[in-house]
Each structure stands twice: as structure tokens, then as C-alpha cells.
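The structure appears below as C-alpha cells.
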Amino acid sequence: MIKVDQEKCTTCGICVDICPVSAIEISEGVISIDRGSCTLCGVCVSVCPVNAISIKRKAKTEDTSGYKNVWVFTEVASGTLKPVVFELLGKGRELADKLDQKLCAVIIGSGADKFIDELGAYGAELIYMVDDPIYENYSTDAYTSAISQLITEFKPNIFLYGATHVGRDLAPSVASNLGLGLTADCTDLSIEEEDNLLLQTRPAFGGNVMADIICPNTRPQMATVRPNVMEPLAPDENREYEVIERKISIPSRSVRTKILETISGREEHEVGVEEGDCVISGGRGMGSADKFEVLDELAGLLSGVVGCSRPIVELGWIPKSRQVGQSGKTVSPRLYIACGISGAIQHQVGIRNSDIIIAINKDPKAPIFDIADFGVVGDLHQIIPRLIDRLKKR
Ligand SMILES: Cc1cc2nc3c(=O)[nH]c(=O)nc-3n(C[C@H](O)[C@H](O)[C@H](O)COP(=O)(O)OP(=O)(O)OC[C@H]3O[C@@H](n4cnc5c(N)ncnc54)[C@H](O)[C@@H]3O)c2cc1C
């Protein structure tokens with residue numbers, strides 16, 4: 001049920017302008033909602049500046065049978081599609097095939113049409129596109145409104161987002177707006193045999209168990225998925241796709257944030273730890289912040305990127321953006337070198353998808369050796385300089 005708190009309401013009219021089904025009007029200084037036309041999409045709730053509108057939803061969705069297809073949110077950054085989009089399309093294809101449903105991509109932006117061929121090549125059969133200058137930069141308000149309206153109209157069964165900064169902001173906002181469930185930071189997804197529910201797997205209890213989470217009562221079943229854990233399909237330009245375009249105009253005054261300046265946390269040329277083909281990480285065994293210079297030198301010789309374990313971030317030696325593991329980044333390089341890292345389960349979950357893991361540790365019983373392909377038992381302060389010397393002589 002939708003309600004307006006008339007005492008809080010200032011009759012600013014934002015909800016009237018934004019309602020996609022024109023169910024809201026102001027008459028004689030009072031807001032009224034036509035409950036017959038209202039679809040409970042929640043857009044008015046999300047944009048009301050004084051929180052005067054609320055929706056009370058039933059705890060259980062009566063009928064979920066009308067919800068079909070697997071949707072993937074398409075995130076664009078610096079003019080290109082984020083790699084996680086292709087990974088989600090790869091996993092989405094598998095889920096959609098299992099359910100005998102369609103794989104769809106949702107793209108919102110300004111000039112969004114330039115990405116649709118690429119989305120089609122990576123497996124999207126149906127692409128929902130919302131193209132308007134208001135979506136040029138990501139904003140929680142505008143994107144939540146647009147996605148909520150698409151969900152209300154097209155009723156997807158599953159909706160996947162990358163567990164990126166944007167995905168981690170948008171998915172909970174949509175979930176709260178529409179009263180949906182959401183599993184954050186999944187590391188695997190599959191379909192349960194009995195009820196065809198989405199099994200959303202993620203580490204729980206400090207990474208000691210992998211929990212399978214289901215969402216039986218609401219649709220779509222929504223999950224954010226860590227970058228670098230799913231396999232993309234090989235692109236094929238001959239794959240066929242269909243585009244459904246929707247005009248969803250959001251009044252600019254309903255967007256409560258404004259981008260004044262964009263300051264990159266990383267130099268333009270710098271590669272993120274999650275993107276590196278070779279990642280060299282240091283742990284507490286490095287001993288001090290200045291010792292990381294030797295890892296920088298090694299990374300330079302191997303065209304690698306320096307990462308670290310969590311204590312290093314807590315000590316303030318390296319920024320959080322370079323932390324590898326459960327509460328940091330998941331990496332999938334061709335080569336991962338762990339230097340002075342014990343290999344706690346929370347670190348291991350972030351490096352499992354590496355092709356080759358080399359561990360350097362003075363403790364032969366360190367758990368990192370359980371998952372390492374090659375292990376060197378010894379003092380890293382002696383081993384790494386020797387390795388650097390060797391590489392320089394190549
Ligand atoms: C909810 C939660 C989330 C977490 N998330 C993360 C995460 O995302 N990433 C993460 O890394 N951790 C995470 N942790 C922390 C994790 O449990 C471990 O505490 C952490 O990974 C240990 O870091 P370390 O291996 O650098 O340090 P230590 O465990 O102290 O290991 C240091 C290692 O260095 C070796 N060593 C010492 N000196 C030398 C030397 N001279 N030469 C060679 N080897 C040497 C030692 O033998 C030892 O094995 C998380 C913990 C929790 C509870």
C-alpha cells in the first residue's frame with residue numbers, strides 16, 4: 001500500500017513529474033495517488049526530498065510465475081564497458097539456458113547505443129536501452145528510477161550487477177525501492193534443481209563457510225557478483241539480438257547529487273590490481289612499508305602490479321584499492337606472487353582464480369603453500385633481490 005504523509009509533504013511536485021503512469025496529482029494543495037493506476041514502482045518514494053511517501057509491501061509475493069529472463073546491468077566506465085559485464089553475461093547465459101529463458105542486458109546512459117553490438121556479441125539476446133543526457137554520469141537517484149521502472153514493466157526473474165562501486169550502490173537502492181531481496185558479493189551462481197531458484201553463493205562467517213542464499217519470495221532475484229570470478233563467453237559478432245528502447249525522462253531536480261569534479265584515485269596509466277596479468281602481493285612478512293620498494297622493482301621487471309594483504313592496508317602502508325582478498329579485490333592474473341603472506345582463507349578466496357601462484361614464505365607450514373603451484377621456503381628479503389638480479393640479466 002502507498003501512503004502520503006500530508007504533514008511532511010511540501011507539494012513540491014517532483015513525484016507528480018516523475019510518476020511513469022501519471023498516478024499522482026496535486027489538487028487543492030494536497031497530493032493524491034490514484035491507487036488503481038499506481039504500479040508501486042517506488043520511484044516517487046526514492047525521489048521525495050522529505051520522505052513523505054512510503055510503500056508498505058506484502059511480505060510475500062503472491063505469484064512469481066510472470067517473472068521471466070535473466071538481466072545483466074551494463075556498467076560503462078571511461079567510455080568502455082566494464083569487463084565484469086562480459087563475465088556476468090557469460091554466467092547469465094548458463095543460468096538462462098538452464099531456465100530456458102532469455103539473457104538480457106540493461107544499458108542506461110547518454111549515447112548508450114554505441115555499446116549494443118558488443119553486448120550482443122557477448123551473448124545478450126535482448127537489450128533494454130534507456131538513452132538520455134540525464135544518465136551521462138551515474139547517479140543513484142536517476143539510475144534507481146530508470147531500473148525500477150524497467151523492472152516494474154518487464155518483470156525479470158533474475159537481475160545481476162557487478163560488485164563494483166556502482167553496482168554496490170545501485171543494487172541495494174533498487175532493492176530497497178522495490179522491496180526486493182539482494183545477495184551482495186557473490187562468488188558463484190547456479191540454479192537449484194527442485195524449484196529453479198537462483199542459488200547465490202558467497203563467503204560467510206569470515207570466509208569460513210560458503211553460504212548458498214536463495215530468495216524465494218520476491219522477484220527479480222538480485223545479486224551483485226565479484227569481478228574476475230565468472231568466465232565471459234568468446235565474443236561472436238554473428239549472434240543475433242533485439243533492442244527494446246524506453247524513454248524514461250527523469251526531472252533533473254529529482255537527482256539530488258551533482259558531479260562537480262571527478263578526481264581519479266589512480267593515475268591514468270596505472271593498472272588496477274584486479275586488472276593485472278601479473279600481481280605481486282606483499283604481506284606482514286615484508287616487515288615495513290619501505291620494503292615494498294623491492295616489490296615495485298620486481299613488478300616493473302615483470303610488467304606486474306603490486307597488491308597486498310589486509311594488515312598492510314590497516315597499517316596504512318598501501319591504499320585499500322590494492323588489497324587482495326575477501327574484503328578487497330578478487331584477482332585472476334596469469335601469475336600471482338605472494339610474498340610474506342600466510343595465506344588465510346580470506347586472502348585465498350581472492351586469488352583462487354590465478355593461473356599460477358608462487359608463494360615465498362619462511363614458514364614451511366604456512367597455508368599459502370596449500371594453494372601455491374610453486375613454493376619457495378625462505379627469507380623474502382634474500383630471495384626477492386636475487387630474483388630481481390636474475391631478471392635484470394635476462
Ligand atoms: C571478515 C574478514 C575479512 C578479511 N579480509 C581479508 C582480505 O580481503 N585480504 C586479506 O589479505 N586478509 C583479510 N583478512 C585478514 C586475514 O584473516 C589475515 O589476518 C591476513 O590475510 C593475514 O595477512 P598476512 O598474511 O599479511 O599476515 P600474517 O598472517 O601475519 O602472515 C605473515 C607471513 O609472513 C611470513 N614471513 C614473515 N617474515 C618473513 C620473511 N622475512 N620472509 C618470508 N616470509 C616471512 C610469516 O611466516 C607469515 O606466514 C580478513 C579477515 C576477516 C576477519
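Bear in mind that the values here come from a model prediction, so they are computed numbers and not experimental data. Read the numbers this way: they start at 1 and go in the same order the structure lists the ligands and their atoms.
A donor-acceptor contact closer than 3.5 angstrom is absent between the side chains of Y143 and D169. Looking only at atom types and distance, the side chain of S139 has no donor-acceptor partner in the side chain of D141 under 3.5 Å away. A donor atom on one side chain and an acceptor atom on the other are not found under 3.5 Å apart for S110 and E136. Side-chain contact annotation: E75 with T164, donor-acceptor N/O pair under 3.5 Å present. Q101 and N157 form a side-chain donor-acceptor contact under 3.5 Å, judged by distance and modelled atom types alone. Counting only N and O atoms by type, the side chains of D355 and Y336 include no donor and acceptor under 3.5 Å apart.
In this structure, E314 pairs ionically with R310, as a charged nitrogen and a carboxylate oxygen lie closer than 4.0 Å.
More than 12 heavy atoms of other residues, nucleotides or ligands sit less than 6.0 Å from atom CG of D195.
Counting atoms of ligand 1 from 1 in the listed order, those under 4.0 Å from a heavy atom of H381 are 41 (N). Heavy-atom contacts of G328 reach the following atoms of ligand 1: 8 (O) (cutoff under 4.0 Å). In summary, the atoms of ligand 1 found under 4.0 Å from a heavy atom of H347, numbered by their order in the structure, are 10 (C), 11 (O). Contact atoms of ligand 1 toward G283: 26 (O) (distance under 4.0 Å to a heavy atom of the residue). Per-residue contacts place V324 under 4.0 angstrom from the following atoms of ligand 1 (heavy atoms of the residue considered): 7 (C), 8 (O), 9 (N), 10 (C), 11 (O). Shown in contact with G325 at under 4.0 Å from a heavy atom are these atoms of ligand 1, numbered in order with element: 7 (C), 8 (O), 9 (N). The contact set between ligand 1 and S309, taken as ligand atoms under 4.0 Å from a residue heavy atom, comprises 11 (O), 23 (O), 24 (P), 26 (O). If you number the atoms of ligand 1 from 1 as listed, the ones under 4.0 Å from a heavy atom of D379 come out as 40 (C), 41 (N), 42 (N).
Between G282, S327, P203, G307, it is S327 that holds the heavy atom closest to atom 6 (C) of ligand 1. Between D363, I384, N361, it is N361 that holds the heavy atom closest to atom 48 (C) of ligand 1. In this structure, of R310, Q323, R284, the residue bringing a heavy atom nearest to atom 4 (C) of ligand 1 is R310.
Contacts between A344 and ligand 1 below 4.0 angstrom, taking non-hydrogen atoms only, involve the side chain exclusively. Residue I312 does not touch ligand 1, judged by heavy-atom distances below 4.0 Å.
Not less than 6.0 angstrom separates the ring centroid of F159 from the ring centroid of F73.
For the pair P311 and ligand 1, a heavy-atom separation below 4.0 Å is found. Ligand 1 lies within reach of G378, whose nearest heavy atom is under 4.0 Å from it.
Within the 3.5 Å criterion, the main-chain N or O of T144 finds a donor-acceptor partner in the side chain of S148.
Distances between N or O atoms of G340 and those of ligand 1 include at least one value under 3.5 Å.
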